[in-house]
Novice: 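Mind looking over this structure? Questions follow.
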Protein chains: 2
Amino acid sequence: MSQPTMQQVAERAGVSLALVSLVMRQAPNVSDYRRQLVLDAAEHLGYRPNVLARNLASRRTNTIGVVLNDIHNPFFAEIIDGIQAASDEAGYRVLIGNGKRSPSGEAEMVETFLQFRVDGIITAGATMPMSTIEAASESTKMVVVGRSSRSQVIDSVNTDDVTGARLAVDYLVELGHRRIAHIDGGTGAGAEARRRGYSQAMTDHGLSAEIVTAGGDFTESGGYHAASELLNQSSRPTAIFAANDLSAAGALDRIEDAGLAVPDDVSIVGYDNTALAAMQHLSLTTVNQPRDELGRLAVGFILERLRDERTDSVHHMIAPALVKRKTSSRLTAGEST
Amino acid sequence: MSQPTMQQVAERAGVSLALVSLVMRQAPNVSDYRRQLVLDAAEHLGYRPNVLARNLASRRTNTIGVVLNDIHNPFFAEIIDGIQAASDEAGYRVLIGNGKRSPSGEAEMVETFLQFRVDGIITAGATMPMSTIEAASESTKMVVVGRSSRSQVIDSVNTDDVTGARLAVDYLVELGHRRIAHIDGGTGAGAEARRRGYSQAMTDHGLSAEIVTAGGDFTESGGYHAASELLNQSSRPTAIFAANDLSAAGALDRIEDAGLAVPDDVSIVGYDNTALAAMQHLSLTTVNQPRDELGRLAVGFILERLRDERTDSVHHMIAPALVKRKTSSRLTAGEST
DNA sequence: ATCGGAAATTAGAGCGCTCTAATTTTTCGC
DNA sequence: GCGAAAAATTAGAGCGCTCTAATTTCCGAT
């Protein structure tokens, strides 16, 4: 298992160690003749640079770590695409860590990446304390995606969740609904803002008496149980706004289990517009978050900092948009009973 | 951004560099007194071990890299859970790389992990050439998950896809279907075996004349288009066996778009039993692959090799099982027209 | 030929840690 | 209280690479 080293390549090529290093780093000012000599020797020996040594010596890793709150949530997984595309262009490699939906799991991944001395870390949907993230920013460039932040030191990219939630409620009200319940995301990223947007919009429409929130956790089963709770109430809601697509899907399951129809008996609106929501079979009305853009922007912020182009923090907020599909419909007379 | 080093911790604690190293490695034979001195100094300085330096010096990384063919495919993402659980127990950290559904994307991630000198690499659903994997095994421990292999050097863990496909076909035949089409997984991992199982089972049931395969690629849109193809045939199938859940979901969408009902007009069976299939709204009949076990076994094989407990390759095959849900039903008279 | 500056190459000192061997301190039986 | 063995600590040589500074080679101009 022992690997050839630069030293061996140098000997075989009959040049100095330093020259091999220059060739490997694609440095200019190396004659074509020797460059070829080195490349041939490397090829012959099956030489592969040791990034541990390289990074140690150069104090750069050319790597961006991404900590996903939950690898099973398509929303987070889809952010990866934008991150990867932007990183590829900039010549950075991407390593992914799974936070297993727990603050400690996320913090452990951050710690792992810090120990690896990655050049930057993007956290997607982080639930760990902001203080953990700020502490990490002493050692590397941190960007928070999908969670609002007004930190003085950390950059963030996210959609305006308060507005997003309002869009959902406004639309349901427009369809005639009044008993609109919310399945929230508990302590999940963005959950607080969406809860707030829901309440504000309800209040603005004079429906503050109808505000009902059931506790979810951004998972399908969480949505299922929250829906149970809502259905057991004396006056069940005619519409449910769920804090994300996964819990909306769970709620949908529960409602169908109860023998009710969606959207005829209950309308459902989700959040994120993941591939799941777009599946025609589900066809979930939802609030779009431009995931690709979120990912790209996050990488951009890290690159800016790495190039010392900026030192003060930036908080980029993208406007969300409602995507109307088939789980929502106009309230009919029969429903209000 | 410069970080404290062991040297600084040693100075502050008034001990040698070597002693700090011993403490950080939780070595025995360090007095409680000095251990505490070191820990206090480290804490005070905010010291964090540099794994690059550590790994370089120790020639071990305590890290397992996982290359996923596609991070968006829930099947692969779900394998991560088992991998992570087993790795945690063994004290290994897990880093994830996304192959972006392309052989070259996968190969790049393998290369990245090799450059990081990870102790082992698990590839899930790999589509890159076996030769690439075998080449990598010269440098680290490789395990292939979800793809059959009879390599003399690489360990593999997967379910018996031929049998799995037969289960699906047998069941559909049992329900009275004869025109059973297959949406395959193209060049995807396991696709070939499932295609073969399908053909064999059809032939065994005397239905070789009914064999129809539409080209898919393990994605939802692939399934959608393949279903289009099948529906346009003169005699459309009464049942479709898709090579994975994602393409089954796509096929379902297409069938419903065509105004047909599932399972009344067309039965559908998927493969993998991902969380997607389990969603009650979809409730897809499918073939279960025990993902958690696949992941755990893969880690176990790497550990065995790392401990030099075994040198010859092992190919572990798990029996799949049919999970009956709501997308499949008995053929009714009307359907065969 | 000869010289100067640009281009190409190399020497050598780290990067922050591990690990073996050597050294120092502690412990304990008598 | 002494000596030997055990326990604790340390010195120092790498791990495989980068990077600055120094050296050597190359070339065209004179």
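Computed over heavy atoms, backbone and side chain alike; hydrogens, waters and symmetry mates excluded. All chains are named by letter (A, B, ...) in the order of the sequence lines, taking the proteins before the strands, and each is independently numbered beginning at 1.
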Novice: When you check the gap from the basic side-chain N to the acidic O, do B/Lys100 and A/Asp81 get nearer than 4.0 Å?
Specialist: no
Novice: Taking atom C1' of C/dG16 as reference, at what distance in whole Å does atom CZ of A/Arg54 sit?
Specialist: 18 Å
Novice: Indicate yes or no: does B/Arg305 engage B/Asp119 in a salt bridge with an N to O separation below 4.0 Å.
Specialist: no
Novice: Using a 4.0 Å heavy-atom cut-off across all strands, classify B/Tyr47 as base, sugar-phosphate, or nothing.
Specialist: sugar-phosphate
Novice: Without decimals, in angstroms, what is the distance between A/Arg35 CZ and C/dA7 P?
Specialist: 15 Å
Novice: Hey, are B/Arg101 and B/Asp217 close enough for a salt bridge, meaning a charged N less than 4.0 Å from a carboxylate O?
Specialist: yes
Novice: Please tell me which of the listed nucleotides, D/dA7, C/dA8, C/dC17, lies nearest to the side chain of B/Asn29?
Specialist: D/dA7
Novice: Under 4.0 Å between a Lys/Arg side-chain N and an Asp/Glu carboxylate O for B/Arg12 and B/Glu43?
Specialist: no
Novice: Counting only non-hydrogen atoms, which of residues 107-121 of chain A are less than 4.0 Å from DNA chain D?
Specialist: none
Novice: Tell me, which of residues 55-65 of chain B have any heavy atom that sits under 4.0 Å from an atom in DNA chain D?
Specialist: B/Leu56, B/Ala57, B/Arg59
Novice: Give me the atom names and distance for the closest heavy-atom approach of B/Ser102 to B/Asn69.
Specialist: N-OD1, 4.5 Å
Novice: Are A/Glu111 and B/Arg48 close enough for a salt bridge, meaning some N to O gap below 4.0 Å?
Specialist: yes
Novice: Pull out every residue in residues 6-27 of chain A that has a heavy atom closer than 4.0 Å to any atom of DNA chain D, ordered by number, or say none.
Specialist: A/Met6, A/Ala18, A/Ser21, A/Arg25
Novice: So, is A/Arg34 close to the C/dA8 phosphate, meaning a side-chain N or O under 4.0 Å from OP1 or OP2?
Specialist: no
Novice: B/Gln115 and A/Arg54: side-chain donor and acceptor closer than 3.5 Å?
Specialist: no
Novice: Within a 6.0 Å radius of atom CD on A/Glu309, are there more than 12 heavy atoms belonging to other residues, nucleotides or ligands?
Specialist: yes
Novice: From OH of A/Tyr33 over to C1' of C/dT9, roughly how many Å is that when rounded to an integer?
Specialist: 14 Å
Novice: A/Thr159 and A/Gln289: side-chain donor and acceptor closer than 3.5 Å?
Specialist: yes
Novice: Please name the pair of heavy atoms, one in A/Thr63 and one in A/Tyr92, separated by the smallest distance, quoted to 0.1 Å.
Specialist: N-CD2, 3.8 Å
Novice: Between A/Phe301 and A/His316, how do the two ring planes meet: parallel, tilted or perpendicular, split at 30° and 60°?
Specialist: tilted
Novice: Nearest-Å distance, CG (A/Leu52) to C1' (C/dG14)?
Specialist: 17 Å
Novice: In whole Å, I'd like the distance from the CG atom of A/Asn50 to the C1' atom of C/dG16.
Specialist: 14 Å
